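Both ligands and their constituent atoms are indexed starting at 1 by order of listing. Keep in mind it's a predicted model, so treat the numbers as computed, not measured.
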Amino acid sequence: MELRCVDCSKPHPLALLYRCDACGGILEAIGDDGTPRVSLGETVTPLLRAARIEASLPGFSGEIWLKDETRNPSGSFKDRLVASALGRALSLGVRRVVCASSGNAGAATAAYAARAGVPAVIVVPAHTPLGKVTQIAAHGAILLLVEGHYSRSYDLALALAEQHGFANLTTTFINPYAVAGLTAVGTELVEQLGGAPSHVLVPTGSGPLVKGIWQGVTDAGATTRLIAVQAEGCAPIVQAFDQGREQVHAWGTPQTIASGISDPLIGYERDGTYTLKLVRQSGGRAIAVSDDALRAAMQLLARSEGIYAEPTGASPIAALPRLWAEGHLPADARVVCMVTGHGFKDGKVYQDLPVHTHRVDDPTDTAAVARICEAALGMS
Ligand SMILES: *Cc1c(COP(=O)(O)O)cnc(C)c1O
Ligand SMILES: [Zn+2]
């Protein structure tokens, strides 16, 4: 394995380095030297055909697949980055870690640090969904809540790492060993489908998942079109794509229920620029979805396919109708939607959706209960 700058190609030693010392660019870990990972028994995640979602797109005759990353140990694909980066940090002798997170990377870091028996400091925005905060606290991490958007948490973790000897497991492009843990997603997709998908829809914050899928697919000698999905309320990469720009600019104030991709990239716009470059290189595009479309997609996933996802995890499904209607998917496309995070993490969004419950006053009156069920069946 070696570290190399994605911009100027300068090689760097295998150490805890977070950026190129020549140009400030993103460092990439190339190759795998078999450094032991910290494990919670993670396995290949399921790839499920979504026949009812296919049928929801009029005239579509291709395939829609769901890569169910909710099945990772802590409920999101962030486990893959943390298992890899924590293993590397421990092998380099570091015994304390820090992670800035919108929730899921923090939950993953807290869980894997507990498993490894090392202390973890997790920095999250004060408005992080309760399910994620609870998860982090449950694992005994030192949990720091910072007012304001995610980039402020990012800065604090960076300072702790640079000044106080913590390994920084923040899962933007800052830790090359974390990002390397995502190549397996692309490899798994090619193996599971017996070939590359034509399109992969990826919920995108700063973009390591986009990179990992691209790396895994191209390592397998294949190619795929990457579709970066962002929320309308925080869409710096989509904005640059739509305006034909190469440089991604930071987003002002994020406003979306999709906490997992609510990243304004303030101070590390370079991450977004790199991700956009990969998206364009793949022949793909970037698209933003509204919070209403996210809620509808969560319901469709849960009711039609049996998958309970957080808003961010459902964002690819939210993007499908528009991609199809606007002609960005051929009728015979073989599409993978990355379902990146579990619904348990953000139950509040589901609780705020209309639900149909039925009060049973007399549970011995089964005839009356049966009538309630019949009426409900008639309505569904
Ligand atoms: C972090 C996260 C993303 C965004 O991933 P990036 O690799 O930062 O672009 C997407 N979905 C969920 C659920 C996440 O937690
Ligand atoms: Zn460089």
Side-chain angles (χ1 to χ4, degrees), residues 3-12 17-28 67-70 72 74-82 99-109 124 128-129 131-132 135 150-151 154 169-176 178-179 181-183 185 200-215 226-231 234-238 248 256-265 268 270-272 274-276 278-279 286 294 298 309-316 318 337-346 349:
L3 290 187
R4 202 170 60 192
C5 174
V6 304
D7 288 328
C8 76
S9 300
K10 181 177 176 185
H12 289 68
L17 297 175
Y18 303 117
R19 58 173 66 95
C20 172
D21 60 17
C23 77
I26 293 166
L27 293 176
E28 171 178 38
K67 181 70 166 158
D68 185 6
E69 292 292 310
T70 72
N72 284 289
S74 81
S76 86
F77 79 97
K78 294 296 200 302
D79 290 332
R80 296 177 182 265
L81 298 117
V82 171
C99 177
S101 168
S102 63
N104 287 334
T109 300
V124 300
T128 298
K132 299 182 183 185
Q135 214 181 347
Y150 168 75
S151 296
Y154 177 97
L169 303 194
T170 299
T171 60
T172 57
F173 280 105
I174 199 165
N175 188 316
V179 179
L182 291 177
T183 307
V185 181
V200 187
L201 276 53
V202 191
T204 302
S206 64
L209 185 55
V210 164
K211 158 80 178 174
I213 293 168
W214 180 242
Q215 191 71 50
L226 299 163
I227 314 280
V229 182
Q230 299 201 292
C234 184
I237 294 173
V238 175
V248 169
T256 172
I257 58 168
S259 61
I261 47 175
S262 185
D263 186 342
L265 305 175
Y268 43 99
R270 219 167 165 153
D271 282 18
Y274 181 56
T275 300
L276 179 59
L278 295 177
V279 163
L294 285 170
M298 290 164 70
E310 66 173 281
T312 303
S315 62
C337 293
M338 296 301 305
V339 183
T340 46
H342 207 293
F344 289 157
K345 289 165 167 289
D346 204 354
V349 180

| query | Among Leu209, Thr172, Ile261, whose heavy atom sits nearest atom 7 (O) of ligand 1? | reply | Leu209

| Which heavy atom of the protein is the closest neighbour of atom 4 (C) of ligand 1, given with residue, atom name and distance? | Gly205 N, 3.6 Å

| query | Could a heavy atom of Ser76 be found less than 4.0 Å from some atom of ligand 1? | reply | no

| Asn104-ligand 1 polar pair, N/O distance under 3.5 Å | yes

| task | Check the pair Asp79, Ser74 against side-chain hydrogen bond (donor to acceptor under 3.5 Å, both in side chains), reporting the backbone distance first and the verdict last. | result | CA-CA 7 Å; Asp79 290 332; Ser74 81; 2.6 Å; yes

| said: Is there a polar contact between ligand 1 and Gly341, counting only N or O atoms under 3.5 Å apart? | reply: no

| task | Work out the angle at the Zn ion (ligand 2) between SG of Cys23 and SG of Cys8, rounded to 10°. | result | 120°

| query | Within the distance-only criterion (no hydrogens, no angle test), does the side chain of Thr312 pair as donor or acceptor with the backbone N or O of Gly260 below 3.5 angstrom? | reply | yes

| Which atoms of ligand 1 sit under 4.0 Å from any heavy atom of Gly260? | 1 (C), 2 (C), 3 (C), 4 (C), 14 (C)

| said: How long is the straight-line distance from CG of Leu201 back to NZ of Lys67, given to the nearest 0.5 Å? | reply: 15.5 Å

| field | Enclosure of Tyr18 OH (heavy-atom neighbours >12, cutoff 6.0 Å) | value | yes

| task | With side-chain hydrogen bond (donor to acceptor under 3.5 Å, both in side chains) as the test, would you mind laying out the steps for Asn104 and Glu310 before giving the verdict? | result | CA-CA 11 Å; Asn104 287 334; Glu310 66 173 281; 2.9 Å; yes

| task | Tell me which protein heavy atom sits closest to atom 2 (C) of ligand 1, plus the residue, atom name and distance to 0.1 Å. | result | Lys78 NZ, 2.3 Å

| field | Under 3.5 Å: N/O of Phe77 near N/O of ligand 1 | value | no

| task | Determine whether the side chains of Ser259 and Tyr150 contain a donor N or O and an acceptor N or O closer than 3.5 Å. | result | no

| said: To check your reading of the model: name the closest protein heavy atom to atom 8 (O) of ligand 1, its residue, and the distance in Å. | reply: Ser206 N, 3.4 Å

| query | Quick one: which ligand 1 atoms are inside 4.0 Å of a heavy atom on Glu310? | reply | 13 (C)

| message | Just to check, does Gly313 reach to within less than 4.0 Å of ligand 1 when the distance is taken from its heavy atoms? | response | no

| Does the pair Glu28/Lys211 count as a salt bridge with the N-to-O cut at 4.0 Å? | yes

| field | Distance-only N or O hit between ligand 1 and Thr340, under 3.5 Å | value | yes

| task | Decide yes or no on side-chain contact (heavy atoms from CB on, under 4.5 Å) for Arg19 and Cys5, but give the supporting numbers first. | result | CA-CA 8 Å; Arg19 58 173 66 95; Cys5 174; over 6 Å; no

| message | For Gln135 and Lys345: C-alpha separation, side-chain torsions, deciding distance, then whether side-chain contact (heavy atoms from CB on, under 4.5 Å) applies. | response | CA-CA 8 Å; Gln135 214 181 347; Lys345 289 165 167 289; 2.9 Å; yes

